[in-house]
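Excluded from the calculations below are hydrogen atoms, water molecules and symmetry mates; all remaining heavy atoms, backbone and side chain alike, are included. The structure presented is a predicted model; accordingly, all values stated were derived computationally and were not measured. So that the names make sense, note that chain A is the first sequence line, chain B the second, and so on, each numbered from 1.
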Amino acid sequence: MDANAAAGAPAARSWIGQSIPRVEDKALLSGRGRFIDDLGVRPGTLHAAILRSPHAHANIVSTDVDAAKLARGVIAVLTGQDIKALTASLVVGVKAPVECWPIAVGRVRYAGEPVAVVVAESRYLAEDAIDLIEVEYEALPPVIDPIRAMDADSALLHDGFPNNIASDRSFKYGEPDQIFAEAERIIGISIRYPRNSCTPIETYGVVAEYDPGEQAFDVLANFQGPFSIHAVLSRALKVPGNRLRLRTPPDSGGSFGVKQGVFPYIVLIAAAARATGRPVKWIEDRLEHLTASVSATNRATTLRAAVTDDGRILALDWDQVEDCGAHLRAPEPATLYRMHGNLTGAYDIAHVAVRNRVVVTNKTPTGLNRGFGGPQVYFALERLVHRIAVELKRDPVDVISCNLVPAGAFPYRTATGALLDSGDYPTAVARAVSEGGLAELKARREKVRAEGGIYGIGYTAVVEPSVSNMGYITTVMTPAERRKAGPKSGAQATATVSIDPVGSVSVQVASIPQGQGHRTVLAQVVADVLGLTPTDIRVNAEIDTAKDAWSIASGNYASRFAPAVAGTTKIAAERLAGKLARVAAAGLNTESDDIVFAGGFVLSKRNPDNKAPFSRIAALSHWSPGALADDVGQTIRETAFWTPSELSPPDDHDHINSSLCYGFIFDFCGIEVDRVTLQPRIDCYVTMHDCGTILHPAMVDGQVRGGFAQAVGAALYEEYAYAPDGSFLAGTFADYLLPTVAEVPEPLILHMQSASPFTPLGSKGVGEGNCMSTPVCIANAVADALGIADVELPLVPARLAEVLRGAEAAAPSSRSATRPGERKLSGEGSAMVAATPQQVWSMLLDATTLSAVIPGCNAVKKISDTDFKADVTVRVGPVKSNYRARVTLIDLDHPNGVTLIGTADGALGFGAGKGRITLAPVAGEGTSVHYRYEAEIGGKIASIGGRLLDGAARVIIGQFFIALARQTARSATGGDRSIWTKLRGWLGGRR
Amino acid sequence: MTRMSAEQRHRVRFILNGEPVDRMCEPRVLLTDFIRHEIGATGTHVGCEHGVCGACTVEIDGWPARACLTLALQIDGCKVRTVEGLTGKQGRLGVLQSAFRRNHALQCGFCTAGILISLDILLARDPRADEAEIREVLTGHLCRCTGYAPIVKAALEAAAALRGDTNREAIDA
Amino acid sequence: MKPAAFDYVRAESLDEALEVLRHEGSDARVIAGGQSLMPMLNMRLSKPRVLVDIMRLEELRKVEPRQGRIVIGAAVRQAELLEWPSLARELTLLSLALPWTGHVQTRSRGTICGSVAHADPSAELPLTLLALDGEIILRSARRQRRVAARDFFRGVMATDRNDDELIEMVELPTTNGKRCAFREVARRHGDFAIVACAAVETDRGARLAIGGVADTPVAREFDRLGGSALDDALNALAWDLDARDDFHATARYRRDLVRMIGRDLIAEVTR
């Protein structure tokens, strides 16, 4: 696209399909974007900060907010009970006697769950007060693994979810039992898909205000939809929908689904605004975002296929266990059901069995995330296809090809109910193979392998669904339950085209872009219809639920913009054009079907010189409405509503057309694994897309590249990891590893365009596909490179060491074995103290001595002879924090040994540990003190400083023994400085 | 000795995009918060507040720096430039900004200000910077939308234009 | 993520800074470039009562040769040192390691001495200082003292520095002509090292230093060994570091890297 065309030359060709510069960019490139935190607020607005749980699972015994309330600038401190009094429970995604609050009420169920909200004059002051809140917790057993969550002896998160199972449904389509019974081969795979998130660079933001006079909320939030959530919000805030005005800022710094998850915070901050009577603003910080915003689901899947000897897949048997985290927030368990109609992927498979279970665990609740269900499903399905090729010793491309939905079969009804709208999958594969250079890639693999390198090729074929059926989530209900609840279906989209008194054209849509350039594309669409240029059209894509046309389906999700919103905008523009044609026909003395719109004029096709400026015809409805024919009505504003008839509710046999459009993607890639670091490097990546009609090629490629980069992250770097105790381990960008420019290669992008017969512009969604196809494509390539069957994402190089290298070189005989794979901190050591065992013993049991010996101990209170409480300041380098500690002595073996059990908690987290100290006399030297400990540390410190925790703990334990030795030296005869110098040498002896 | 007490505001003077700033702030106020919320230069964004994402990168005395890891008081006497300083009068985009627009090197635009500053400093120092150097500088930034390839391309194009390899006017958007 | 309140002293002389440290002890923190300290302040891991900014002290801004050694003052930024024309010749190892330290956007403010003071076990600069057998010059209101790098690093973020001291400068022997090699493995470019290795040619062979594995960087001398003797020595070193599993790497993986990269680097500097 050259700049001249964009500058407004007459449109001989259509604007659609051209990569014109974006209207959004000038402001964004000049620092004039208007993101939520750029907008300023009303005078008197307060700022919120949130205290969050350090525990994954615990009862809240007490919360002391008195000191926080008295802190400078603090207006209010709200706990779960306060919020509960002001709101109603959020709707839970399945029918069950379970509540869901935006803040912990009585119990915390994930690390990072809100526990209290401080509202103060500034964010700085609010955070100061957070540090003054004292919460006492009673820890409960954490439930982390989704499979073990269902065990009878696992702790229960919610009484209303027996065995932590929120839903358990089985489905049969066709005759899967019979096909499996008669199968030539059955090939299966068990996979775990990890937790991750597309983590936009802008975090959540909410500004809320409450008007007690009208009992109405006004909320500005960088929420992205779907606006079905508006109903959830107004219900939680206990007002009718028309008393919750929800607006979005003009710009949003990325979302990728994630900003759907701001909605519990809308309730929380709106409640805080109501409680304080002042506007309240909250901008989430990065630690909050990583720990507790929202995550994609992790999933454990067993998938089996009934396969013929030549690789034809006849039936699939899915067993999926979906982990939605601590609460089943709306719209979950949608992640599990979004792909239900296309569980057979790009393949023609007539028989399918499915068991879907949804479990809750002590992890951050899940929600929308780019790919939404696709990465989880295709990781299982396409790993399985790869395994089938390996087991049958066939080329994976052959196995893919022989199972594809045939070219002439569209629209094609899948076994589970999807109506695949259009495509030519075999041609797409063939084109990618030739244009992507697969033969050269195979040659390269042979060459690298011959030179001793580790190289593999992976493939994936997927269908990419877009425009969700608002009824697909009801597949989680039985047909009987659905009949009772009433039908849910469709995907109501809206668009408004307006003309002002000088005839200039505006467009309003409820699409809420988060960077995708919606405003540019809609200007192209409308310019084509009205014979104008995109610069003539001004588009507003923000939403104001009090004024705009919107529906529950509004918003920026399910890749619905190009197929649904842009199409609906075309319909609105065409309706307006139809009316304007009649107005013009009257003025130009011709028939309305002779009228065309071109070059800023309305003109007669037969006699192009017979014309009038567009603006003149367009403005007539303002200036002289009486001049318009009666049946024209007005031409000032046209709002179109559009919902596709193909999106019907699930039928009585649970068939569901879960999406309207299904794009096709075929990917392959070459991966080389470094012999030393074991780091997989993407050598080459080819991705073929058929997303129907392309509206703006550069934006489509932008979506592909962006999704690809996030998928590279998911495959190789990113994981929302949890320790067995439920501590969150990826709380900073130093541990949650977003790929940088150095990690993301440029994929070769190829296109086909099989127009969708079901959308006004023939276009389909394209933004999510690579998040679905790329992780498994990379995994398949690594499996090929290493010749392994089990691949776990992310592909952390260290995890490959055992697989690839076998047993390690043994430790020199002088060394004790290490403790592989342990998360618990543990260690042992010994020190020589110049005192008798009896002297050391009395010191250990004496509160006064203990307070001198425990590093940073401010006061030891002796509860009993074997029970102590202390306030401790722990310091490692610049890190310094206060803890309440409790130490109990058990297994006393006077004066030979004692076991200490301790707990500590403070602002940076909590710890629990157990240590055995044994004392042995050494002739002429004193006492050898040997210690062995193990400890667990959780909370904030574990999520942001995990890398350094072990070592920091050793520093603290070292401080304890240095102090012990020093104290002994002081009180015992013969003690001298050289002894603790020696001791220090031992403690540092790891060098 | 001047000890600036925690809860009082203290004078800080510096040059922001060529204009003098003379204001008061508390010692703990981050440069990000100061330029955004005190001065109103909201083009610089906050993405992580621990120095990794690069969204808040500004130029301090000729070097790119994380504004989130800088106290406002630390820049007393310094010259600071932000994204607002890259745009000419009447909002005309500079060579680098134009190259970004032409190459679709941004989507949501939230991380863009920091990236522009880093690249602008690199290209001002050395318009002969090659792709490896451009990539090296970009490793200090996280972008979640673009997959980076168009950013690299835009930077290379801008470098070529600044060297005079291409007609600067022709590529100005 | 906002820092807790603190007083701020923009020191106008070294004595002034030292006086604050003498008075406040562990409640004071020195801020130079702030690239390690500021994240900890923002996360409220550290809540000092007073920050002492030493970046206006001209006497700490020098990089200069001194009797066959190079002195780098506490206010010298990493990016400034990278631009020092003699770096590649005089301090070859440092010129190899510095580009691995953070990113250009953090090196612009971060200082050499600040990284040494912070003593992150994965950081490149403490490792380099140890590999080169450098010294740390500490200064308090009472005295100045020198500590060898091998005695300075005590554990994770733990050093021999007393609360009333600041690092005035570090001093490194020049590498003039000696072969040096540096390699690092991290999850991504610019991340904390999983394993960082530095090697310097010595009269008897090579000195190899490893970061990212033990609680401090660790250096060991390797006389000219060949074949299995070198393998055995590297294996012993790998195990001596007592590597641990964490979220990004396993202990075994770290030992593998020490053995393999260690061997490569020793070969590079002794060839």
Side-chain angles (χ1 to χ4, degrees), chain A residues 123-124 127-128 131 285-288 676-679 717 719 721 729-730 732 734-735 737 739-740 742-743 796-799 801-802 805 808-812 815 818 820-823 875-881 907-908 940-941 944-948 950-952 954-955 958 984 988 990-991, chain C residues 1-5 26 29 36-37 39-41 43-48 118-122 150 154-159 185 187-192 194 214-216 218 231-232 235-236 238-257 259-261 264:
Chain A
R123 175 67 178 239
Y124 287 79
E127 290 192 21
D128 291 348
D131 287 350
D285 69 36
R286 181 58 57 186
L287 302 189
E288 295 182 284
V676 174
T677 65
L678 305 180
Q679 177 67 51
Y717 301 102
E719 185 179 6
L729 300 177
T732 73
D735 284 319
L737 306 178
T740 74
E743 284 77 38
V796 177
R799 290 184 191 155
E802 305 291 333
R805 292 178 176 155
E808 186 189 0
R815 296 198 55 88
T818 55
E822 253 179 35
R823 242 292 305 175
R875 188 183 154 209
V876 178
V879 181
K880 192 172 170 184
S881 185
L908 295 185
K940 182 175 175 181
I941 191 77
I944 61 183
R947 187 175 61 85
L948 301 175
D950 273 34
R954 281 192 290 275
V955 168
R984 201 165 56 187
R990 291 161 37 78
R991 247 173 268 166
Chain C
M1 269 187 90
K2 309 295 180 192
S26 70
R29 300 302 306 179
S36 300
L37 183 60
M40 303 196 121
L41 296 179
M43 293 178 196
R44 298 196 177 212
L45 292 174
S46 185
K47 295 199 243 177
H118 190 61
D120 185 308
S122 289
R150 62 181 171 275
R154 289 291 179 77
V156 168
M157 296 185 294
T159 68
V185 175
R187 291 290 303 281
R188 294 171 311 179
H189 182 89
D191 279 338
F192 290 106
I194 288 171
D215 289 346
T216 65
V218 172
D231 286 340
D232 290 346
N235 190 40
W239 285 94
D240 283 349
L241 298 173
D242 201 9
R244 303 285 168 129
D245 290 352
D246 69 16
F247 165 44
H248 296 299
T250 59
R252 183 255 163 94
Y253 178 73
R254 289 189 160 93
R255 287 190 294 269
D256 283 350
L257 292 176
R259 285 183 287 252
M260 287 190 276
I261 297 175
D264 283 356

Which one, [options], leads in non-hydrogen pairs under 4.5 Å with chain C?
options                      : result
A/Glu288, A/Arg799, A/Lys880 : A/Lys880
A/Lys940, A/Gln679, A/Arg805 : A/Arg805
A/Leu678, A/Thr740, A/Val879 : A/Val879

Counting only non-hydrogen atoms closer than 4.5 Å, does [X] touch chain A with its backbone (N, CA, C, O), its side chain (CB onward), both, or neither?
X        : value
C/Asp232 : neither
C/Ile194 : neither
C/Pro39  : neither

N-O pairing of C/Arg44 and A/Asp128 below 4.0 Å: yes
Selection from [options] maximising heavy-atom pairs under 4.5 Å formed with chain A:
options                               : value
C/Arg187, C/Arg254, C/Met43, C/Arg259 : C/Arg187
C/Asp191, C/Asp120, C/Asp264          : C/Asp120
C/Thr250, C/Asn235, C/Thr159          : C/Asn235

If every non-hydrogen atom of [X] is compared with every non-hydrogen atom of [Y], which pair is closest and at what distance?
X        : Y        : answer
A/Pro739 : C/Arg188 : CA-CD, 4.4 Å
C/Ala249 : A/Ala798 : CA-CB, 3.6 Å
C/Leu45  : A/Ile941 : CD2-CD1, 3.8 Å
C/Phe247 : A/Glu719 : CZ-O, 3.7 Å
C/Pro3   : A/Tyr124 : CD-CE2, 3.8 Å
C/His248 : A/Val796 : O-CG1, 3.4 Å

Under 3.5 Å donor-acceptor, A/Glu127 side chain and C/Met1 backbone: yes
A/Glu802 backbone acceptor or donor facing C/Tyr253 side chain under 3.5 Å: no
Which portion of [X] sits near chain C, non-hydrogen atoms under 4.5 angstrom:
X        : result
A/Ala742 : side chain
A/Ala730 : both
A/Thr677 : both
A/Leu737 : both
A/Val876 : both
A/Asp131 : side chain

Using the test side chain to side chain contact (heavy atoms under 4.5 Å, CB included), find all partners of C/Pro121 that sit at least two apart in sequence or belong to another chain. A/Leu948, C/Val156
With a 4.5 Å limit on heavy-atom distance, are the side chains of A/Glu743 and C/His189 in contact? yes
Given side chains that start at C-beta, do those of A/Pro878 and C/Met157 come closer than 4.5 Å, heavy atoms only? yes
Would you please name every residue forming a side-chain hydrogen bond (donor to acceptor under 3.5 Å, both in side chains) with C/Arg29, sequence neighbours left out? none
